[in-house]
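So the structure is just underneath, and the comments pick up after that.
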Amino acid sequence: MPLEDFLSDLESLESSAESAFRTAQDSQSLEAARVEFLGARSGRLKAVQKELGRLDRAEKPVAGKRFNEVKKRLESLYEEKKALLNQATTASSDKEIFDPTLPGRTFRLGHLHPITQTIETLKEIMGRLGFSVAEGPEVEDAWHNFDALHIPESHPARDPLDNFYLATASQQDENTLLLRSQTSTVQIRVMESTPPPVRIISLGRVYRPDTADATHYPMFHQIEGLLVDRQVTMADLKSVLRLFAVSYFGEEVHIRFRPSFFPFTEPSVEVDMSWHEGWIEMGGAGMVDPAVLSAVGYDPEEVTGFAFGLGVERICMRRHGITDIRELYRNDVRFLRQFP
Ligand code: PHE
């Protein structure tokens, strides 16, 4: 074979390989071109290499040099193109990850605890009835928790086993501190600091060392109400509690008073509510005992008042059909999420 033929074969192979590499649109067509031209067994360059052996010995060095140049050039053209295509794939897959039309990742918004929600609703309902919110401390003295409420020293409600005292039984007097066992303490605090008329509610935690079960928990919440004015009667008490119950639970709720006793109200009642299927005790109420009014400096001949104290957990549980008070304080989001 003459040298010119060999060189022109080589040249045409070079230009077709070059254009095949340059025009390859993706890695598959580039690979096909690589196999066709640079393939180790049946590639077209391999075929030209075989012709090299059939050249005259004198022509071999020139032909061989040229052959090596072409081979090197095509190999590097191939590598360049391969790198280019790889870059393009990564770039385009980056583009797929950032798709501005996809919906964003949403935050799971939290919400208020069902007891907090209940408290907010109760404040709103009672606010519409003209009651403003008063607060008192959770660490309370025996005066406000017992003495001022006419709960005598000997009363079982003061039993150390029924209260979280912050001092031993032998050290107790009016100043003894305890975690308040009822929100009635706030009645006293409000009347001590405000002349009549008063119309307040107070919502907050109270503490009693009860063993936790489906209906008891050593910490729970009460809503206390107090209204003192001229000529306040038991009928006002019942009207307010009925309006309150209907606003919160709806028209189907019934309310009943059962005679009872509290040292700081006279007469005293238990407040029951019913939804056509038996009565549920919601708390206590009554007319503020004249002795309590006197103790805070009010004139019982001038003013009368009513007070009530209801369990917030009971109200909340009844509304949502919760049957175990402990669920409210387990802090299990699967439970809490049900009350958005
Ligand atoms: N403080 C009472 C209790 O915790 C409830 C109550 C409040 C009763 C106000 C009468 C008046 O049981």
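Values in this document were obtained by computation on a predicted structure and should not be read as measured data. Whatever order the structure lists ligands and atoms in, that order sets their numbers, starting from 1.
- The stretch residues 259-307 participates, sequence neighbours left out, in these ring-ring contact (aromatic ring centres under 6.0 Å, His included) pairs: Phe249-Trp275, His254-His276, Phe262-Phe264.
- Residue Ile188 is not grouped with residue Leu179 when hydrophobic side chains (ILVMFWY) are merged at heavy-atom distances under 4.5 angstrom, including chains of intermediate members.
- No side-chain donor-acceptor contact under 3.5 Å links Arg158 to the backbone of Phe146.
- Look at Asp162 and Arg208 and you find no salt bridge, because none of the NZ, NE, NH1 or NH2 atoms lies under 4.0 Å from a carboxylate O.
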Donor-acceptor contacts, no H, no angles, side chain residues 7-19, under 3.5 Å, sequence neighbours left out:
from: Ser8; atom 1: OG; to: Asp5; atom 2: O; distance (Å): 3.2
from: Ser12; atom 1: OG; to: Asp9; atom 2: O; distance (Å): 3.2
from: Glu14; atom 1: OE1; to: Arg66; atom 2: NH2; distance (Å): 3.1
from: Glu14; atom 1: OE2; to: Arg73; atom 2: NH1; distance (Å): 2.7
from: Ser15; atom 1: OG; to: Ser12; atom 2: O; distance (Å): 3.2
from: Ser16; atom 1: OG; to: Ser12; atom 2: O; distance (Å): 2.8
from: Ser16; atom 1: OG; to: Leu13; atom 2: O; distance (Å): 3.4
from: Glu18; atom 1: OE1; to: Arg73; atom 2: NH1; distance (Å): 3.2
from: Glu18; atom 1: OE1; to: Arg73; atom 2: NH2; distance (Å): 3.1
from: Glu18; atom 1: OE2; to: Arg22; atom 2: NE; distance (Å): 3.3
from: Glu18; atom 1: OE2; to: Arg22; atom 2: NH2; distance (Å): 3.0
from: Glu18; atom 1: OE2; to: Arg73; atom 2: NH2; distance (Å): 3.2
from: Ser19; atom 1: OG; to: Ser16; atom 2: O; distance (Å): 3.3

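- Judged as a salt bridge (charged side-chain N to carboxylate O under 4.0 Å, His left out), and not counting sequence neighbours, the contacts of Glu124 are Arg128.
- Sorted by chain and number, the residues within 4.0 Å of ligand 1 by heavy atom are Gln182, Ser184, Gln187, Arg208, Gln222, Glu224, Phe262, Phe264, Thr265, Gly284, Ala285, Ala307, Phe308, Gly309.
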